[in-house]
Amino acid sequence: MCGIVGIVDAGGVSIQLYYALYALQHRGQESAGISTFDGTNLCKFKGQGLVADVFSPPVLKDLKGTAGIGHVRYPTTGANLPENIQPLNFQFKDHFISIAHNGNLVNTCELRDEYEKAGQIFITTTDTEIIAKILIDEIDESGCVEDAVRHCMRRMQGSYSVVIMIDGIIYAFRDPLGIKPFCLGKLDQGYIVASESVAVDALGGRVLRDVKPGELIQMDADGVRCTQIAVAGKRAHCIFEYIYFARADAVMDGVLVYDVRRTIGKKLFEEDPVSADSVCSVPDSGTAYAIGYAERSKIPFVESLMKNRYMGRTFIMPTQKERERAVRIKLNPIPAHLKDKSVVLVDDSIVRGTTSKRIIEMMRDAGAREVHMRIGSPAIKAPCYLGVDMPTRKELIASDKIQDEVRHSITATSLHHISLDALVEAIGFSRDDLCTGCLTGCYPLPITGETADPRQVNFIDGTYQSKLESFESRAS
Ligand code: AMP
């Protein structure tokens, strides 16, 4: 749960990085950072808080250069410490290195142990520093970034979309299963890689394609070159990106997220029809689903919960008590739309159950007679180890409860979760190409104590496409 971006642009990059991070703000609200290379040195700035709070015009002015990377963070591993804010910056021999990562490694402890036994020290508690160490060691050894990335991919188990800048050259690579999203775009005078296509859109750029699972992309003043480093038999795109995490206007791996959610809304009605006076969403995460539900059921869509848009995501509050209070500040029911009404309330997911319970209470207090809850994901039964903050089974309301017990606990009149089959059909990939760990408890790579259906990964010798034109024609 982070957003990353890398840009090369002859016209300068700091403002563009800023707006790209702005577009990715939903992926992490705890901290933000930018590093640029001015031709001689690394220019860097990072801090805790939202993008708009961290950066000011004078700060952006000092981030000089035609290449740079940026990061917004929501921590899955590594505590909320200033030293964990990314990009992480290093100087090694004469080289200036900056790295940003979205994802989560599951073999961090083994790798860290190994380095510590060899006498290395770590400054942060993030897995990103381990990626940097493996890469830098190998670049030192072989002098070849492509080989270093190949070596890195062999050693790292988990999800990772990574952008690393070495002396002003940007290297972007994505794990062989393509767990986290990553795309490539063209700007007026340069190129961009970013977690989601919305960052490219925000800069008026053109999305070329997704970074392929197992691919390395190099961007510098000469253009873009790509190498396929590893190929897996199957992919494992994170299903939760489609359900909740990505912006609805993002196109990920060729699929428009909004359409997935709207289709699920339709399927929710088909699977468990109910008659009601209105359909209402939990804004904004439930809106596309609710629109689909209203379309198919012909029940009018009526906004009955108004969102205060100046507040962050409530899930991101660290304590349960804060999260509960935050729901009330964030969402305000409209009694005139709810009094004596039977309402279908649509949201993307139930994780801990805090949000749904509070919202249903608020709607009943505002006069709603019946609240039929419809959820765009199947029940979340298991934790995520690959980059989404879904911590322990104990905290997940559905991990040990059947649907009716969850319904009772959130006080809904009725409750229906979309089936996994319908969800997969709405996304359009084969089920084998999706990571459904949080829904099924079965993961696409081995995780201690968990069931797995690991994908086979082969490492290959790729060929650089040295010409931009040939690259672009391949892309289209
Ligand atoms: P709750 O059931 O109270 O834990 O809250 C669930 C709501 O929080 C969902 O409807 C989503 O909108 C949002 N949500 C789900 N998963 C996450 C997550 N991993 N991080 C942040 N927000 C989330």
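Counting starts at 1 for both ligands and their atoms, following the listed order. Only this structure's heavy atoms are used, side chains among them; waters, hydrogens and symmetry mates stay out.
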Ring-plane angle category for His237 and Phe429, please: parallel below 30°, perpendicular beyond 60°, tilted otherwise. tilted
Test item, Ser349 contacting ligand 1 (heavy atom, 4.0 angstrom): yes
Under the rule for salt bridge (charged side-chain N to carboxylate O under 4.0 Å, His left out), what residues qualify as partners of Arg155, not counting sequence neighbours? Glu114
Please list, in number order, the atoms of ligand 1 under 4.0 Å from a heavy atom of Asp348. 9 (C), 10 (O), 11 (C), 12 (O)
Looking at Arg352, which atoms of ligand 1 are within less than 4.0 Å of one of its heavy atoms? 1 (P), 2 (O), 4 (O)
Among Gly353, Ser356, Gly376, which one puts a heavy atom closest to atom 2 (O) of ligand 1? Gly353
Can Phe240 be said to touch ligand 1, with heavy atoms closer than 4.0 Å? yes
Identify whether the distance between the nearest side-chain nitrogen and carboxylate oxygen of Glu425 and Lys267 falls below 4.0 Å. yes
Kindly identify the option in Val388, Ile359, Val351, Thr355 whose heavy atom sits closest to atom 3 (O) of ligand 1. Thr355
Numbered atoms and elements of ligand 1 in range of Thr354, under 4.0 angstrom, heavy atoms: 1 (P), 2 (O), 3 (O)
Below 4.0 angstrom, N of the basic side chain to O of the carboxylate: do Lys46 and Glu83 qualify? no
Short list, please: which atoms of ligand 1 are under 4.0 Å from a heavy atom of Ser285? 12 (O)
Answer yes when Asp400 and Lys381 have at least one side-chain N-carboxylate O distance shorter than 4.0 Å, and no when they do not. no
Taking only residues at least two apart or on different chains, which pairs with a member in residues 433-445 satisfy side-chain hydrogen bond (donor to acceptor under 3.5 Å, both in side chains)? Thr436-Thr440
Salt bridge present between Glu361 and Arg358 (N-O < 4.0 angstrom): yes
Give the contacting part of Asp347 toward ligand 1: side chain, backbone, both or neither, where contact means a heavy-atom distance below 4.0 Å. side chain
